[in-house]
*Asks:* 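Here it is: the structure, laid out below.
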Amino acid sequence: ATAKMAVKMLRRITQETFDECVQGNIDDFEMEPDEAVEEAVKEFELQGVDISQIDKSYAGPDGRGEHPAASAAKEHATAVESNAANIDETAKKLRECISGEGAVPGWGSACVNAGAVQACWRRCEQTVTGPDVSTDVVTDAMTTLAAVLGCDEARDTFVGLRHPMKFVTEHWPACVQSHPTSVASMCQVVAAAATKNEAAKGAFIKAGVEVPLVAVFQTPESNGEVLRAACAAVKALTTGDDPREPASGAFTHSRAFAKAGAASALCASLKRVDAKEDAHLCASLASALKHTAVNDDICKETAEHGGVARALELLSTDAIAAGDARLAKACAACLRQLAGSDSNKSRIVNAGGLAVLVHVVNVFGARASDSSCAEIDVAKYRSVQEQCVGCLAALLLKNPEGAARCGAEGVFEPVVDAMSKARTHAGVQRQCAMFLRNAVVRNPENVPAVLLNTDAEALLRLSKKNHPRECVDVASAAMRDLGCENYNEGWTPTTAVMGADGVVRTPEELGDEPEGCVNGPIP
């Protein structure tokens with residue numbers, strides 16, 4: 001099974017092509033360098049070309065010369081080939097050219113064309129299989145390879161050379177046996193290679209990478225660094241993020257992790273980590289747990305191993321009260337995913353989940369409403385509210401008892417209050433509308449409590465006006481089930497129809513259909 005993705009096909013160009021276009025603008029149209037660069041950028045963006053890795057400065061009439069990353073890659077390749085004593089220095093120089101403050105745009109194609117992937121892979125083989133090699137040397141080699149795999153060209157080359165299979169079946173077992181503390185760097189390689197590359201994800205899963213990754217979570221001795229890196233690898237392998245592919249195998253990959261025991265292993269790790277000591281690690285583990293719980297059976301298994309209880313416990317910690325948005329969002333999103341299973345809805349509600357989620361909504365709503373709060377923090381806090389209300393909406397779907405509990409526990413007022421104060425946040429508005437709709441359609445007795453005690457109707461109408469693309473459908477549905485008049489105002493859903501002349505038109509345009517159609521005018 002595959003999960004369909006919204007696709008935006010991206011083409012790439014080389015640095016040389018971009019520079020030629022800029023120089024052509026100067027020579028042919030007598031533009032100034034800055035204007036020539038600006039026009040070249042616009043031209044390629046209009047053509048749907050990915051120029052994120054292109055150096056957008058003017059190269060000069062004589063060109064740029066060799067890219068620093070290419071020089072560093074060649075130097076490292078030479079050192080690896082001769083097994084020189086300065087390999088660590090050449091590796092460090094290469095990393096500095098492609099990451100951190102010293103990174104120069106356009107490094108991807110430059111270092112890949114200079115053989116960086118092959119050189120780094122060769123170095124990894126030397127360290128993994130060589131005698132008397134220290135763990136630090138292995139880690140350095142893996143870290144350099146992971147850094148090089150930070151661009152599309154390198155990832156494509158890596159999977160094209162069929163390295164994922166050998167990496168998982170030969171290098172990983174050898175490292176675990178001889179250099180167990182280097183596992184974190186191996187996880188980093190997997191995460192880097194699988195990010196935005198569907199072919200690499202599939203190759204790693206085919207090689208069975210889920211088994212050693214799950215083993216990381218099953219090992220009580222795994223430290224924070226290893227767990228964090230393993231979480232990043234799990235997320236990269238189970239996320240459909242390759243914009244060049246029309247579909248993703250993320251769902252299949254998640255099931256492979258579940259079959260390997262990811263649910264119980266991740267829950268065990270999440271229980272072992274103290275949020276007071278490392279809240280961000282708890283967030284990473286909760287996020288990984290969410291990415292692997294993709295069907296009803298896995299959600300049930302996760303709950304049975306304490307995933308629901310631990311997520312609720314983390315949402316009640318002092319870290320949440322102190323405003324840790326990362327932990328709160330991760331745990332709320334995980335709980336929302338688990339609430340997709342009907343058997344988990346009552347489990348969450350009976351464990352006090354409604355009160356916990358409302359508490360988190362209130363905490364981050366108050367922080368977002370603080371006049372001294374920076375705009376970037378406001379966005380973070382609102383995204384936490386979005387996940388919490390989304391979880392509440394999921395809990396009420398096909399759950400009349402949960403809807404009744406919402407009325408009894410006074411959940412409507414804080415949700416509508418959040419909707420009122422987050423009027424500019426489309427995500428919060430949409431989730432609030434869905435929550436209100438689920439609450440009244442599953443329990444009509446909630447209608448008076450919503451209409452008489454809150455400003456829900458006015459806010460739903462406002463959400464349709466302010467966020468038509470996100471809220472017109474769900475807000476109209478909520479108003480319909482609340483019994484509001486003119487609930488469909490502003491919502492004119494259309495379906496494309498092919499006319500008798502072969503032209504596709506919306507229903508509103510069918511009146512313009514040419515005369516003489518076979519079926520005559522639309523009555």
*Asks:* Gln385 vs His425, test: side chain to side chain contact (heavy atoms under 4.5 Å, CB included). Steps then yes/no.
*Replies:* CA-CA 10 Å; Gln385 291 185 296; His425 196 285; over 6 Å; no

*Asks:* Is the side chain of Thr239 donor-acceptor paired with the backbone N or O of Asp241 at a distance under 3.5 Å, no angle test?
*Replies:*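 Not at all, since once roles are kept as given, no pair shorter than 3.5 Å links the two residues.
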
*Asks:* Should Ser182 and Met142 count as side-chain neighbours, where that means a heavy-atom distance under 4.5 Å?
*Replies:* no

*Asks:* Under 3.5 Å, side chain of Glu225 to main-chain N/O of Ala184, donor-acceptor pair present?
*Replies:*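 No: the side chain of Glu225 does not pair with the backbone of Ala184.
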
*Asks:* Assess whether a salt bridge exists between Lys42 and Glu38, defined as any Lys/Arg side-chain N lying under 4.0 Å from an Asp/Glu carboxylate O.
*Replies:* yes

*Asks:* Is the count of non-hydrogen atoms from other residues, nucleotides or ligands lying under 6.0 Å from Glu43 atom CD greater than 12?
*Replies:* yes

*Asks:* Could you tell me if Glu66 and Ser71 have a donor-acceptor pair between their side chains, going purely by distance under 3.5 Å?
*Replies:* yes

*Asks:* Between Glu198 and Gly249 (side chain of the first, backbone of the second, donor and acceptor by atom type, cut-off under 3.5 Å), is there such a pair?
*Replies:* yes

*Asks:* Any idea how Phe158 and Trp121 line up, ring-wise: parallel (<30°), tilted (30 to 60°), or perpendicular (>60°)?
*Replies:* perpendicular

*Asks:* Between Thr14 and Thr17, is there a donor-acceptor pair closer than 3.5 Å when you use the side chain of the first and the backbone of the second?
*Replies:*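 Yes, Thr14 side chain to Thr17 backbone: donor-acceptor pair under 3.5 Å.
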
*Asks:* Determine whether the side chains of Ser134 and Asp136 contain a donor N or O and an acceptor N or O closer than 3.5 Å.
*Replies:* no

*Asks:* Any donor and acceptor pair, going by atom type alone, linking the side chain of Lys201 with main-chain N or O of Leu237 inside 3.5 Å?
*Replies:* no

*Asks:* Looking at Thr127 and Cys124, would you say the former's side chain and the latter's main chain have a donor-acceptor pair under 3.5 Å?
*Replies:*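 A pair under 3.5 Å: yes.
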
*Asks:* Determine whether a donor-acceptor pair (N or O, by modelled atom type, separation under 3.5 Å) exists between the side chain of Thr90 and the backbone of Ile87.
*Replies:* yes

